[in-house]
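Step one of this worksheet: look at the structure below.
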Amino acid sequence: MFDYKEGIVSSLDGAIEALDADTIGEMLEIPPQREMGDYAFPTFTLAKVFRKSPNQIAAELKEQLGEVPAIEEIRVQGPYLNFFIDKDHLAREVLEDLRRRGEDFGKVDVGQNRQVVMEYSSPNIAKPFHIGHIRTTVIGDSLKRIYDYLGYNTVSINHLGDYGTQFGMMINAYLKWGDPEVIEKNPIPELVKLYVRINKEAEENPELLDESRNWFKRLEEQDEEAVALWQWFRDVSLKEFKRVYELLDIEFDSYRGESFYTDLMPEAVEEMKEKGILVESKGAQIVNLDEYKLPPAIIIKSDGSTIYLTRDIATALYRKKTYDFYKSVYVVASQQNLHFQQLFAILDKMGHEWVKDCEHVSFGMVSLKDGTLSTRRGKVVYLEDVLKRATDKVEEILIQREEETGKAVENRRALAQTVGIGAVKFQELFNQRIKDYVFDWDRTLSFDGETGPYVQYTHARIASLLEKGNFQVDGPIKIEELDQALAHEILAQLYGFHQVVVDAHEKNEPYFITRYIVETAKLFNKYYNSTPIITEDAEATNTRLFLSYGVKTLIKVGLSLLGIGAPEKM
Ligand code: ARG
């Protein structure tokens with residue numbers, strides 16, 4: 001597509017000797033309101049150079065610029081030069097590209113096949129996969145989709161929490177009180193029960209702790225019985241988790257969890273020793289991180305055991321060696337900020353300059369508005385239950401609608417799932433990730449307002465409109481038909497899609513896309529409510545349908561980048 005910004009930048013570059021093209025590009029703004037043009041160039045910083053007032057500079061620049069390609073008007077507004085894109089030109093560009101590329105409209109190959117490691121979800125085995133895990137899971141999945149779309153080669157990793165001394169406790173508790181049948185039937189809650197029980201009984205009976213430590217030691221030494229039990233806990237847990245991933249339509253390239261890296265730890269520790277960064281402190285091996293203004297990090301405890309951080313060091317080294325990544329992203333809650341600061345500082349201290357390519361994408365907390373939202377499984381809110389409840393609630397709405405209209409939808413349960421789970425994901429991805437948010441059923445599942453169902457509904461409405469109007473992608477176009485403020489706004493919005501995706505990936509913020517989709521849907525609904533789309537005039541009809549098709553296409557692509565389906569009928 002034509003690059004309007006590029007055209008403006010090179011014209012300005014020709015007119016202003018004092019600034020280079022890159023600087024001008026960075027200075028160019030998108031005005032908050034469309035009436036102020038499509039791009040604006042502020043002249044404040046030039047005032048010093050030219051020793052003139054910004055307003056005067058703007059006026060003179062306009063004279064100097066003369067014609068700028070594909071710009072129909074340049075307006076001086078105080079210290080700003082506002083550029084208005086030639087509306088016909090934009091309409092032709094957008095329509096042409098949509099016609100030619102369809103769902104690939106606006107797709108740009110930023111990634112050039114470079115390798116990105118995306119780690120997310122990573123629940124702990126034998127523990128509930130609860131509502132708190134939704135954030136890393138959904139944000140990470142969306143980021144993976146965004147990077148893939150932009151031409152990166154993404155490896156998605158579920159770094160399962162499947163190692164640690166607690167498995168000594170688990171094994172011990174199981175051997176004392178466990179019943180395999182009961183566990184097979186309802187694995188996680190039963191394993192949790194055992195774990196809670198042993199912790200409680202150990203308060204009175206510390207012997208249990210020694211036994212458990214011994215079991216962990218046997219696990220570390222690859223004792224057959226210990227490994228078999230651990231493997232079983234892992235298998236039944238993963239089977240549970242995978243059911244949730246299936247509901248969410250989320251897949252991983254690898255489920256290598258913490259346990260995988262235990263064998264690699266001695267090597268990592270050895271490297272730290274060689275580089276002289278491990279020091280002894282009260283019997284433990286630590287890394288001093290004073291120069292990073294961070295507290296010292298324990299690598300090996302005084303009893304000789306390694307910890308979570310040690311495994312992460314081994315993991316990072318392994319990932320660099322295995323994937324030679326261009327970027328390595330960890331989608332993990334902000335509670336672990338210090339952990340990742342320490343991890344990256346240690347890698348830096350080890351001399352691995354590639355640590356600059358590692359990023360902790362952190363996020364705030366989710367809480368439930370409906371504090372009473374307890375499930376049949378007790379106090380913990382299982383993610384699976386939330387997803388099922390969302391699906392049930394949407395299904396109720398669909399049934400109610402069927403009763404009112406007498407019209408039944410096809411595959412009601414599947415549709416309810418796409419809408420219900422889509423709504424949960426949409427809400428999740430609606431805000432800047434670092435903000436805490438409150439999960440609210442009513443808002444999430446509402447069909448109006450800034451919600452998943454609202455945009456899905458807009459998408460389905462356009463689908464039926466296209467069908468009704470017999471839209472032809474190759475059909476006739478009357479470009480003058482789009483010479484109207486709202487139509488122009490929609491075209492400019494569609495044109496801006498690729499930049500939104502690029503920005504989302506640069507900041508690792510899927511919500512740029514969520515907001516974009518909502519804005520696009522709102523604009524379309526305004527247009528739809530004010531402009532008759534299907535009329536007697538076939539050419540004009542097809543043109544308006546083309547604009548609608550553009551909106552539909554980008555809602556669909558945008559939703560797919562969030563991991564949300566776009567039903568044709570609703
Ligand atoms: N399993 C951890 C937890 O639930 C998250 C793992 C984060 N990833 C990492 N590489 N440390 O808190």
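One-based numbering, in listed order, for ligands and for the atoms of each. No experiment lies behind these values; they were computed from the predicted model shown.
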Open item on the list: Do Lys242 and Tyr255 form a cation-pi contact, if we require the NZ or CZ to be under 6.0 Å from the six-membered ring centre and within 45 degrees of the ring's axis?
Closed with: yes

- [ ] Any atoms of ligand 1 less than 4.0 Å from a non-hydrogen atom of Ser122? List them with their elements.
- [x] 1 (N), 2 (C), 4 (O), 5 (C), 6 (C)

Task: Contacts of type side chain to side chain contact (heavy atoms under 4.5 Å, CB included), residue Ser122, not counting sequence neighbours - done: Glu119, Asn158, His159

Task: Per-residue contact class, Leu160 against ligand 1 - non-hydrogen pairs under 4.0 Å - done: neither

Open item on the list: Looking only at distances, can you tell me whether any N or O atom of Glu119, backbone or side chain, sits closer than 3.5 Å to an N or O atom of ligand 1?
Closed with: yes

- [ ] Could you tell me whether the side chain of Arg213 and the main chain of Leu208 form a donor-acceptor pair under 3.5 Å?
- [x] no

Open item on the list: Check contact between Gln336 and ligand 1, using heavy atoms of the residue and a distance below 4.0 angstrom.
Closed with: yes

- [ ] Give the numbers and elements of all ligand 1 atoms closer than 4.0 Å to a heavy atom of Tyr308.
- [x] 2 (C), 5 (C), 6 (C), 7 (C), 8 (N), 9 (C), 11 (N)

TODO: Run down the list Asn124, Leu309, Ile157, Asp312 and name the one with the heavy atom closest to atom 9 (C) of ligand 1.
DONE: Asp312

Task: Intermediate values then yes/no, ring pair (Phe, Tyr, Trp, His ring centres under 6.0 Å), Tyr120 and Phe252 - done: CA-CA 9 Å; Tyr120 52 100; Phe252 294 91; 4.9 Å; yes

- [ ] Using side chain to side chain contact (heavy atoms under 4.5 Å, CB included) as the criterion, list what pairs up with Gln335, not counting sequence neighbours.
- [x] Ala333, Met365

